[in-house]
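Right, one structure below, let's go through it.
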Amino acid sequence: MIGNDIVDLKQAAKDSNWKRPRFLDKIFTPREQQLIWSAKDQDQMVWLLWSMKEAAYKVNVQQFGTRFFNPKRLECTLLSNLKGEVIIEDNRYFIESIITEDFIYSIALIASGKSYKSEWFLDHSQDYDAQSKCLKRSFLKTLNLDEVTIIKNNIGVPKLQHNSDLLDVSFSLTHHGAFSGYAIL
Amino acid sequence: MTKEELISKLKTIVQPYIQNEDAFNNLSEATDFINDLKINSANLVDVILDVEDEFDIRIENDDMEKMTSVKAAMDIVNEKLAAK
């Protein structure tokens, strides 16, 4: 299974004030907060850890079918600048990230080294729905399959549907601010 | 506080973060913060902090974990207010 998450850093700076009292405490473990405060670029570290957690969470939800909102239950470890792990209870997820000045993009996998296809792209339409539709269109185009649509299951996990059959394919979609991305195993 | 008053307070709190106007205009107990209102999950933290400030309560992570809908938020606020 695969999960992804993209953070537009400009959008994040506009939307979230992570220095707000109690904000970090709700999301990050003491060890993660240490990483943030000791980072050269604290904003980047906040959103790197955040995107790692989000990507791992998306895999966890596909695996176990239960939604929850408790980012602190997922703990990140950085193995290098662009590789890390996220642990949720007994489950470990391997993370690969792309970091640029403009965005951070993380992909989570259950097994490290598994091959996948992923792409990110710019989308300047400001509207949430328009962006979501454009992302789905771009993703479906790369699949090159006829009559396949994307639906969300009862817990909000996107699935591919062909006629009335759900396809057994794991993929993940993300968009934030001016950036979108998809990942598929 | 009546149920309607509580919903209306929650509605004011979530307004700055919503990304779906229709779902917001039709907000009810069944509304999901993420799937319906399309609140991004980092802003869901802001919603929770705003709820804490508005009602002068503290929401532990175990309670926060369930707070993905208006109904769940109402239950937790009521529970915390009752325990005051």
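In this text the structure is predicted, and so the values were computed from the model without any measurement. Lettering of chains follows the sequences in order, A, B, ..., and the numbering in each one begins at 1. Values below: every heavy atom of this structure, side chains too, minus hydrogens, waters and symmetry copies.
Within the model, atoms OH of A/Tyr128 and CG of B/Leu37 stand 10.5 Å from one another, a figure rounded to the nearest 0.5 Å. With rounding to the nearest 0.5 angstrom, the OG atom of A/Ser16 is 5.5 Å from the CG atom of B/Asp46. Here OG1 of B/Thr68 is found 11.5 Å from CD1 of A/Ile155. Values are rounded to the nearest 0.5 Å.
Remark: B/Asp50 engages A/Arg20 in a salt bridge, criterion side-chain N to carboxylate O under 4.0 Å. Note on B/Asp53 versus A/Arg22: salt bridge recorded, some NZ/NE/NH1/NH2 to OD/OE distance being below 4.0 Å.
Using modelled atom types, no side-chain atom of B/Lys38 and backbone atom of A/Asp129 make a donor-acceptor pair closer than 3.5 Å. No donor-acceptor pair closer than 3.5 Å links the side chain of A/Asn70 to the backbone N or O of B/Met64. Not a single donor-acceptor pair under 3.5 Å links the side chain of B/Asn40 to the backbone N or O of A/His176.
For the pair B/Ile48 and A/Phe69, the minimum side-chain heavy-atom distance is below 4.5 Å. You'll find the side chain of B/Ser41 reaches within 4.5 Å of the side chain of A/Trp50, heavy atoms only. By the 4.5 Å heavy-atom criterion applied to side chains, A/Arg67 and B/Asp32 are counted as neighbours. Between B/Leu49 and A/Phe23, the closest side-chain pair of non-hydrogen atoms falls below 4.5 Å.
Linking ILVMFWY residues whenever their side-chain heavy atoms come closer than 4.5 Å, directly or via other members, leaves A/Ile2 and A/Ile87 in distinct clusters. Residues A/Phe28 and A/Leu74 share a hydrophobic cluster, clusters being chains of Ile/Leu/Val/Met/Phe/Trp/Tyr side chains in contact below 4.5 Å. Hydrophobic clustering, with ILVMFWY side chains joined whenever heavy atoms are under 4.5 angstrom apart, keeps A/Leu160 apart from A/Leu185. Residues A/Met1 and A/Phe171 do not share a hydrophobic cluster, defined by chaining ILVMFWY side chains whose heavy atoms lie under 4.5 Å apart.
With a threshold of 4.5 angstrom between heavy atoms, A/Trp18 does not approach chain B through any atom at all. In this structure, no portion of B/Phe33 lies under 4.5 Å from any heavy atom of chain A.
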Subject >> Test salt bridge (charged side-chain N to carboxylate O under 4.0 Å, His left out) applied to B/Glu65 and A/Lys72, step by step >> reply: CA-CA 10 Å; B/Glu65 185 155 326; A/Lys72 217 172 174 169; over 6 Å; no
Original post:
Could you walk me through whether A/Gln131 and B/Gln19 pass the side-chain contact (heavy atoms from CB on, under 4.5 Å) check?
Top reply: CA-CA 12 Å; A/Gln131 226 178 33; B/Gln19 299 190 86; over 6 Å; no
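Within a 6.0 Å sphere centred on NZ of B/Lys84, heavy atoms belonging to other residues, nucleotides or ligands number more than 12.
Identified under the ring-ring contact (aromatic ring centres under 6.0 Å, His included) test for residues 45-84 of chain B, with sequence neighbours left out: none.
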